[in-house]
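Below is one structure; the comments refer to it alone.
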Amino acid sequence: MKTTISPIPIYDDNYVWVIDDGHYAVVVDPGLAEPVDDFLLKNKLTLCAILLTHHHWDHINGLQALYENWRCEVYGPDDDRIPAVQTIVKEGDVVHIKPLELSFTVMATPGHTTSHICFYNDDVLFCGDTLFSLGCGRMFEGTAEQFVNSLNKIKSLPAELMVYCTHEYTLSNIAFVESVLPESDAIQQKKEWAKSLRKRNQPTLPVKLKDELSLNPFLLTDSHSFQQHLNRIYNADVADEVSAFTLLRTAKDNF
Ligand code: ZN
Ligand code: FE
């Protein structure tokens, strides 16, 4: 069955992703209900499931109202901070969304928050605030070890996957990437591409995991030559991926 995935922009830079087949829809991280209801109504869709990656308000604020309207299935992580309407899912669980004939495997990705999860299948990855286009989420609750481990799990997925992040951060992340990676045509091309899309108010997402693997500095922390490059520009002394990640995350927080 053919499904399409559409972004609903909410707040300053969030996207609620909608997967639909023309009849049924699944939404990921509904930070608001009204724009989702409007989209469903306009496209004559029935909401059959909600996927939640983590407890932050900009990802779950629409949950209660949507649930009351639609009485749909809700899948999310084990976290008391999320309203108790959900089916709790954990690492390795497979979520079947029958009306759409879709399945997603759950991956635990602590780091941004301790209970953060991602959903993926052979084609797509919904990664919430764990991975961004050319960046990653802030480390609010987890440790650097956990975050690196989570990013390594994402790195081990098929490179052809399309990555659906929850925030439009590509352009601001590129500014940081330019400060930490050696100059490259690939980054310049990506910048022009992102600029022209944003000028037309179009999302720069999804992105191909393959491109992130070569351009996202947070996915390069295991590279010895990148560690040496970081040591040069920050006058630091990192020699492993966890300390390289910590250095990079701190630098980005203060950028
Ligand atoms: Zn978040
Ligand atoms: Fe967020």
Side-chain angles (χ1 to χ4, degrees), residues 5-19 26-36 39 50-66 74-83 85-86 88-91 104 106-120 124-144 146-151 153-154 162-176 194 198 203-207 212 216 218-219 245-246 248-250 252-255:
I5 305 181
S6 320
I8 301 175
I10 59 166
Y11 301 122
D12 289 342
D13 49 38
N14 282 67
Y15 295 120
V16 180
W17 292 106
V18 186
I19 313 157
V26 179
V27 298
V28 185
D29 286 352
L32 275 178
E34 214 180 276
V36 174
F39 183 95
I50 295 173
L51 306 180
L52 306 171
T53 63
H54 66 295
H55 75 280
H56 283 157
W57 65 274
D58 59 319
H59 299 248
I60 67 164
N61 259 18
L63 172 61
Q64 206 71 266
L66 286 171
V74 181
Y75 301 96
D78 188 3
D79 196 311
D80 292 345
R81 297 169 292 190
I82 299 175
V85 294
Q86 56 167 340
I88 288 168
V89 289
K90 55 182 193 320
E91 172 88 10
F104 294 101
V106 177
M107 182 188 262
T109 55
H112 176 65
T113 67
T114 47
S115 65
H116 197 298
I117 56 173
C118 297
F119 298 87
Y120 69 95
V124 297
L125 165 69
F126 293 99
C127 58
D129 288 354
T130 295
L131 186 69
F132 293 130
S133 162
L134 301 175
C136 74
R138 278 180 188 257
M139 199 166 75
F140 285 122
E141 297 175 359
T143 65
Q146 285 178 322
F147 216 138
V148 166
N149 187 37
S150 297
L151 294 175
K153 282 155 82 175
I154 290 176
M162 296 307 285
V163 183
Y164 292 77
C165 323
T166 315
H167 289 271
E168 178 61 62
Y169 286 160
T170 307
L171 273 179
S172 59
N173 284 341
I174 285 176
F176 177 69
R198 296 310 296 148
T204 60
L205 299 169
V207 286
E212 291 301 305
N216 187 325
F218 293 95
L219 300 182
F245 176 85
T246 305
L248 212 48
R249 192 56 263 173
T250 309
K252 177 69 169 71
D253 290 345
N254 298 310
F255 186 68

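Quick note: numbers below take in every heavy atom, side chains included, and nothing from hydrogens, waters or symmetry partners. First listed ligand is number 1; within each ligand, the first listed atom is number 1. Start at 1 with the first residue, then count along the sequence.
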Atom CG of Leu125 and atom CG of Leu131: how far apart are they, to the nearest 0.5 Å? 7.5 Å
Between His167 atom NE2 and Asp58 atom OD2, the angle centred on the Fe ion (ligand 2) rounds (to 10°) to 80°
Let me check your reading of the structure: within less than 2.8 Å of the Zn ion (ligand 1), is there an N/O/S atom from Asp129? yes
Check whether any N, O or S atom of His112, backbone or side chain, sits closer than 2.8 Å to the Zn ion (ligand 1). yes
Strictly under 2.8 Å, is the Fe ion (ligand 2) approached by any N, O or S atom of His59? yes
Can you tell me how far CZ of Phe147 sits from CZ of Phe245, rounded to the nearest 0.5 angstrom? 4.5 Å
Quick one: report the N, O or S atom of His56 that is nearest to the Zn ion (ligand 1). ND1
The single option from Asp78, Thr53, Asp79 passing side chain to side chain donor-acceptor pair (under 3.5 Å) against Ser115: Asp79
Which value, rounded to the nearest 0.5 Å, describes the distance between Cys118 atom SG and Phe126 atom CZ? 11.0 Å
When you measure from the Fe ion (ligand 2) to the N, O or S atoms of His54, does any of those distances fall below 2.8 Å? no
Residues Asp58 and Ile10: closest non-hydrogen pair is O-CD1, 4.2 Å
How long is the span from the CG atom in Asp29 to the CG atom in Asp129, to the nearest 0.5 Å? 7.5 Å
Need the atom name: nearest N/O/S atom of Asp129 to the Fe ion (ligand 2). OD2
